Amino acid sequence: MGSQTPCPTCGLSFNCVCQCVPKLSIDAHVALLMHENELNRDTNTGRWLLAAMPSSSRHIWQRKAPCTELLKLLDNPNLVPYLLFPGEESVSVSRVHSDTVKIKQKKPLFIVLDGTWQEAKKMLRKSAWLQALPLVHITPTTSSVYQLRRNQNEGHLCTLEVGAEVIRALGEEEQADRLMQFFTHYMQVFQADKSGHPYKS
C-alpha cells in the first residue's frame with residue numbers, strides 16, 4: 001500500500017492493520033447501536049469490534065423510529081436481549097450469560113450504545129423501546145487505554161474496550177486479550193499515521 005493512498009477499509013496510509021484484526025467467536029450476539037455522529041469519526045472503535053466478531057451487527061440510531069433490522073433481532077426467538085448500560089437494576093453480563101445459556105439455552109443479545117457518554121444517555125432517554133429492555137453491566141478489570149480522543153471521562157471505556165470486557169465476562173479471557181492486543185497496536189499505528197509517518201515498533 002502506497003504511503004499516499006489510504007487503505008479503503010482501515011483508512012490508514014502507511015500501515016494497513018486489516019490483516020491484524022483477530023477473529024473471535026463468542027456464545028452471544030453483540031449489536032452496536034451507533035449514534036450517527038460516529039459515522040464520520042475516524043476515532044470510532046466500534047468498527048473494529050464488528051470486524052473481529054462475526055456474531056455482531058451495526059445499527060444506526062434514529063430518534064423517531066427504531067432500526068428495523070435491530071427490531072428483527074429483538075424478535076428472534078433464539079436470542080434474549082439486554083441493554084448494556086449501568087443502572088440500579090442492572091445485573092452483570094456473566095450472570096445473565098449463565099442464566100440465558102444454561103437455563104434458557106438461548107444466546108444473549110447485548111445491545112451496546114456506540115457514541116460518547118453524553119450521546120449514549122440521550123439515545124436511551126429518547127428511546128422508549130430501549131428503556132423497556134433489561135439492563136446489564138460490566139465490571140472493568142483495567143482502566144481505559146484509549147488515547148484517540150481528548151477529554152475522556154475517568155473510568156469510561158471506548159466501545160471496543162466495552163466489547164472486550166463483555167467477552168471477558170463471558171469467560172473468554174484469551175479472546176479478550178487478543179482483541180486488546182490488536183487495539184493497542186492499532187492506536188500506535190493510528191497515531192503514527194496521523195503524524196504523517198509509518199509506525200515503527
Side-chain angles (χ1 to χ4, degrees), residues 1-26 30-63 67 84-86 110-124 138 140-169 172-201:
M1 180 173 64
S3 61
Q4 302 303 314
T5 304
C7 170
T9 301
C10 69
L12 300 177
S13 298
F14 296 95
N15 299 90
C16 174
V17 298
C18 295
Q19 298 301 316
C20 303
V21 181
K23 293 303 177 185
L24 312 178
S25 177
I26 63 170
V30 175
L32 294 190
L33 186 56
M34 182 180 289
H35 193 282
E36 60 183 0
N37 289 346
E38 288 293 326
L39 294 171
N40 298 317
R41 289 173 176 154
D42 59 3
T43 53
N44 174 269
T45 64
R47 59 180 177 144
W48 295 115
L49 185 61
L50 294 170
M53 292 174 50
S55 183
S56 64
S57 54
R58 187 189 75 164
H59 313 273
I60 308 303
W61 178 76
Q62 299 289 335
R63 184 174 63 85
C67 170
L84 191 72
F85 201 89
F110 297 116
I111 299 173
V112 178
L113 303 182
D114 188 14
T116 65
W117 181 240
Q118 291 77 14
E119 289 166 349
K121 289 191 292 186
K122 175 183 177 182
M123 291 161 71
L124 179 57
I138 53 174
T141 55
T142 60
S143 299
S144 175
V145 297
Y146 185 52
Q147 302 170 349
L148 305 185
R149 292 184 190 173
R150 298 178 181 177
N151 303 321
Q152 288 294 110
N153 292 333
E154 186 70 27
H156 288 181
L157 304 180
C158 70
T159 300
L160 182 141
E161 290 173 322
V162 168
E165 290 294 342
V166 169
I167 294 169
R168 200 176 301 279
E172 299 290 348
E173 296 274 346
E174 187 269 340
Q175 295 198 75
D177 289 343
R178 285 169 54 204
L179 183 60
M180 288 306 299
Q181 289 165 5
F182 161 77
F183 187 48
T184 299
H185 173 69
Y186 170 73
M187 283 193 296
Q188 295 170 333
V189 172
F190 179 91
Q191 291 170 328
D193 203 84
K194 292 303 177 183
S195 298
H197 58 80
Y199 167 69
K200 297 180 180 179
S201 59

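Every value quoted in this text rests on a predicted model; they were computed, and no experiment measured them. Along the sequence shown, residues carry numbers from 1.
- Aromatic ring pairs are classed by plane angle as parallel below 30°, tilted from 30° to 60° and perpendicular above 60°; the pair Tyr186 and Phe190 is tilted.
- Pairing each heavy atom of His59 with each of Cys67, the nearest pair is ND1-SG, 3.6 Å.
- Scanning all heavy atoms of the two residues, the minimum distance from Thr159 to Gly46 falls at CG2-CA, 3.8 Å.
- Atom CG of Asp114 and atom OG1 of Thr45 lie 6.5 Å apart (nearest 0.5 Å).
- Applying the salt bridge (Lys or Arg N to Asp or Glu O under 4.0 Å) test to residues at least two apart or on different chains, the pairs with a partner in residues 184-201 are Asp42-Lys194.
- Residues meeting the side chain to side chain contact (heavy atoms under 4.5 Å, CB included) test with Pro198, sequence neighbours left out: Phe14, Asn15.
- For Arg58, the side chain to side chain donor-acceptor pair (under 3.5 Å) criterion is met by no residue, not counting sequence neighbours.
- Residues meeting the side chain to side chain donor-acceptor pair (under 3.5 Å) test with Gln188, sequence neighbours left out: Tyr199.
- Between Met180 and Leu160, some side-chain heavy-atom pair lies under the 4.5 Å cut-off.
- For the pair Val30 and Val112, the minimum side-chain heavy-atom distance is below 4.5 Å.
- Contact annotation: the side chain of Arg168 never approaches that of Gln175 to less than 4.5 Å [non-hydrogen atoms, C-beta and beyond].
- When atom types are taken as modelled, the side chain of Asn44 and the backbone of Arg47 share a donor-acceptor pair closer than 3.5 angstrom.
- In terms of heavy atoms, Glu119 sits closest to Asn37 at OE2-ND2, 2.9 Å.
- Side-chain contact between Met53 and Val166: absent, with no pair of heavy atoms (C-beta onward) separated by less than 4.5 Å.
- Residues Ile167 and Leu24 approach most closely at CD1-CD1, 3.7 Å, considering heavy atoms.
- To the nearest 0.5 angstrom, Leu84 atom CG is 8.0 Å from Leu113 atom CG.
- For Glu174, there are no side chain to side chain donor-acceptor pair (under 3.5 Å) partners, not counting sequence neighbours.
- Residues satisfying the side chain to side chain contact (heavy atoms under 4.5 Å, CB included) criterion with Cys18, sequence neighbours excluded, are Cys7, Thr9, Cys10, Cys16.
- Taken to the nearest 0.5 Å, the CG atom of Leu33 stands 10.0 Å off from the OG atom of Ser57.
- Closest approach of Pro22 to Leu179, counting heavy atoms only: CG-CA, 4.1 Å.
- No donor-acceptor pair closer than 3.5 Å links the side chain of Arg63 to the backbone N or O of Met123.
- Here the CZ atom belonging to Arg41 is positioned 9.5 Å from the CG atom belonging to Leu39, to the nearest 0.5 angstrom.
- A 4.5 Å side-chain heavy-atom check between Met34 and Trp61 finds every atom pair outside the cut-off.
- The two atoms that bring Phe182 and Cys20 nearest to each other are CD1-O, 3.6 Å, heavy atoms only.
- Side chain of Glu38 to backbone of His35: no donor-acceptor contact under 3.5 angstrom is found.
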* **Candidate pair Ile138 and Leu157, rule side chain to side chain contact (heavy atoms under 4.5 Å, CB included), full reasoning** => CA-CA 11 Å; Ile138 53 174; Leu157 304 180; 4.0 Å; yes
